[in-house]
Number of protein chains: 2
Amino acid sequence: MAKTKFYQHYCPVARALEVIGEKWSLVIVRDLLLRGPQRFSDLLRSEGGITPKWLTLRLRDLEAADIVERDSEAGRREVWYRLTDKGRDLAPVVESLAIWGIEHALPPPLPGEPLDPAQPTNAVAIVLNRRHVKLPHAATYVVSFAADRIYAIRFDGERWSVQRGDDEGDVRVETSPQEWVSFLLAPPEERRERAESMRIEGEPDAVREFVATVGWRRAPAQAPALQTVHA
Amino acid sequence: MAKTKFYQHYCPVARALEVIGEKWSLVIVRDLLLRGPQRFSDLLRSEGGITPKWLTLRLRDLEAADIVERDSEAGRREVWYRLTDKGRDLAPVVESLAIWGIEHALPPPLPGEPLDPAQPTNAVAIVLNRRHVKLPHAATYVVSFAADRIYAIRFDGERWSVQRGDDEGDVRVETSPQEWVSFLLAPPEERRERAESMRIEGEPDAVREFVATVGWRRAPAQAPALQTVHA
DNA sequence: CTGAATCCGACACGATACTG
DNA sequence: CAGTATCGTGTCGGATTCAG
C-alpha cells in the first residue's frame, strides 16, 4: 500500500495505513514487540515465508519511518533491529488486531500447518489484559513444549505478560503446540476436559484457577453487551 | 495482501491481516463505522480516490468475510452497505490506528489538499476516550463549517462521541476545516491563541473548558510514563 | 445518475538463486 | 550472516464503457 498515490483525505487512519499498511510491516512490528530486538535472519525465520528481498525493503521502510532502528557494530557480522518508541506505540494496534483475530478469524490450525506456540501464547496475555481479567493474587503458569521452548504466563497483580525460559511456577504444563492451541481455542466449559490430555502439575486450587482463567474464548452469554459503542 | 500464499504461522495478528490487510479494506470499515450505512457512490466519494473497480472488489471480499452486509431491496436502485457485528468489532483496530496516526503520522495538511473535517473531528472523540479524559458534567460543543456541515462533539458523563447536524451546544464554533485542524494540531498551551481566529460563542467558562479539553496533542511532560508495557 | 465491468499499464510482491 | 539479483505473478490505479 505504499508510495503509489496515497489515500488522499486528511485522516489519521489513512495516514497510519500509509506508513504501516504494506504487507509484512505489522508482522515485523509484532515480532519485534514480542521477541525484542532481532537479527535479520531471526526475522526471516520467525515470520512465515517472507523473502530476504522483502524483509530488506520493509526494514528499510520502517527505518525511514523511524519505527525500527538498525544496530550494526563495526567488526560484528550481525545486524540487530529494534523498535523505536514510535514503533513501540504500535503495540495497541497489534493487540487489537490480535483480539479481533482471535474472536473472528482464527479457525483451528490446519493439520500440516507449522505451529509455533510463541504467538498463540503471547496472545493469552493480550486477551486477558484487554478483558481486564484479574486474579486476587500474583501467579505464574509455566508452559513447556520442549527444553528450550518454555513460556511463563505471569500475572503480577495488575497485568498479564508472557516471558520465555522460566521454569518455576504455580502451575506447570507440558504439552504440544497442537494440544495447547486446542486448549486455548476451547470454550471455557470445555477447557477442563481438554486439559485432561496435557500433563499438568501444581496445587489443585492453582490448577483449577489456571484452567478457569487461561484461554481465548469468553464464557458464552456471560456479558452479552458488546463494547461497540461508537459514533 | 490477499490470496497469494498467506502469512503461514498460526498467529491471530497474521490471520487478521489476511482478512483486512489489503489496501482500502480498513478505510472502508472506518467509513462505515463513522458514517453508518453507505451507498456505493457515497463510499466512492468519501474515500479518497478509490476506483469503482477496487471498491467493488473490496466490498465483495468484505462481504465474503462477513464484515460487511449488502442491502439491496428489489425495486430500489441504490445498494446500501453496512457493517456486521464482526465488522463493528474492528472499531478498536481503527481507533488504535487513528491514535497512532495522530501521535506519529499526522503532519499539518498540505496547502492544496482536500480537507474534509469529518474524520479529524471524529478523531477528537477517539483521542479523548482513549486518554480517559472526563469532565465533571455532560457537555456539547458544536462545530460548524457550513449550514450542512455541523458536528456536535458531545460528552455524556462517560464517553465522548461526535454526531452530525446538531445546532444547540454549550459552545458553538464557526470555522473553516483548515483553521479547525490547525487548532486540533496545536499543543494545549497554544490552543488559546489558535482559538482567537475562530468565531466562538458560549459562556466564558464553557469556552475555556472547550479550549482546554478539545484537541489532539497531549500536554508535554505532563505524564512522561508511556504505556508501552509489553512482553 | 448509480452500480458496476473491462482493458491496460505500473508497481508491489513471491520464488529462487547468488554474493560479500 | 546479511543481504542482492533476476524473473515471473498479482495487486492495484486510471480511463473508459455499460446496463438498470
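Within every chain, numbering begins at 1; the chains are lettered A, B, ... in the order of the sequence lines, protein sequences first and strands thereafter.
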For atom CG of A:L44 and atom P of C:dA17, their distance in whole Å = 15 Å
inquiry  = Applying the side chain to side chain contact (heavy atoms under 4.5 Å, CB included) criterion to B:V124, which one of B:L128, B:V127, B:N122 satisfies it?
reply    = B:L128
Atom CZ of B:R199 with >12 non-hydrogen neighbours under 6.0 angstrom = no
ask   = Got a sec, which pairs hit salt bridge (charged side-chain N to carboxylate O under 4.0 Å, His left out) with one end in residues 140-149 of chain A, sequence neighbours left out?
value = A:D116-A:R149
inquiry  = If the threshold is 4.0 Å, N to carboxylate O, is there a salt bridge linking B:D71 and B:R82?
reply    = yes
query = Can you check whether B:S41 has a side-chain N or O nearer than 4.0 Å to OP1 or OP2 of C:dG3?
reply = yes
key: Atom-pair distance (CD on B:Q38; C1' on C:dT2), nearest Å   = 15 Å
ask   = When you check the phosphate oxygens OP1 and OP2 of D:dA2, does a side-chain N or O of A:R45 lie under 4.0 Å from one of them?
value = no
key: Nearest-angstrom distance from the residue atom CG of A:L55 to C1' of D:dA5   = 17 Å
ask   = If each of B:K53 and B:D42 is mapped to the nucleotide of DNA chain C with the nearest heavy atom, which maps nearer the 5' terminus, i.e. the 5' end?
value = B:D42
ask   = Below 4.0 angstrom from OP1 or OP2 of C:dA4, is there any side-chain N or O of B:R60?
value = yes
task = Could you please name the option among D:dT4, D:dC12, C:dG3 that lies closest to any side-chain atom of B:V79?
result = C:dG3
query = OP1, OP2 of C:dA4 versus side-chain N and O of B:Y81: anything below 4.0 Å?
reply = yes
task = Please determine if a side-chain N or O atom of A:W24 lies less than 4.0 Å away from the OP1 or OP2 oxygen of C:dG14.
result = yes
Row check, A:W24 ring normal vs A:R58 NZ/CZ: under 6.0 Å, within 45° = no
ask   = Of the nucleotides D:dC12, C:dA4, C:dG14, which has the atom closest to the A:W54 side chain?
value = C:dG14
key: Value in whole Å for how far the P atom of D:dC12 lies from CD1 of B:I28   = 11 Å
Distance in angstrom units between A:E22 CD and C:dG14 P, rounded = 12 Å
request  = Please determine, for the side chain of A:P52, which listed nucleotide (C:dA17, C:dA4, C:dG3) has the closest atom?
outcome  = C:dA17
message = Rounded to whole Å, please give me the gap between CZ in A:F40 and P in D:dA2.
response = 8 Å
request  = Check whether any side-chain nitrogen or oxygen of A:K23 sits under 4.0 Å from OP1 or OP2 of C:dG14, and answer yes or no.
outcome  = yes
ask   = Atom CH2 of B:W80 to atom C1' of C:dA4: distance rounded to whole Å?
value = 18 Å
message = How many whole angstroms separate atom CD1 of B:I50 from atom P of D:dT11?
response = 15 Å
message = With a cut-off of less than 4.0 Å, is there a side-chain N or O of A:R70 near OP1 or OP2 of D:dA2?
response = no
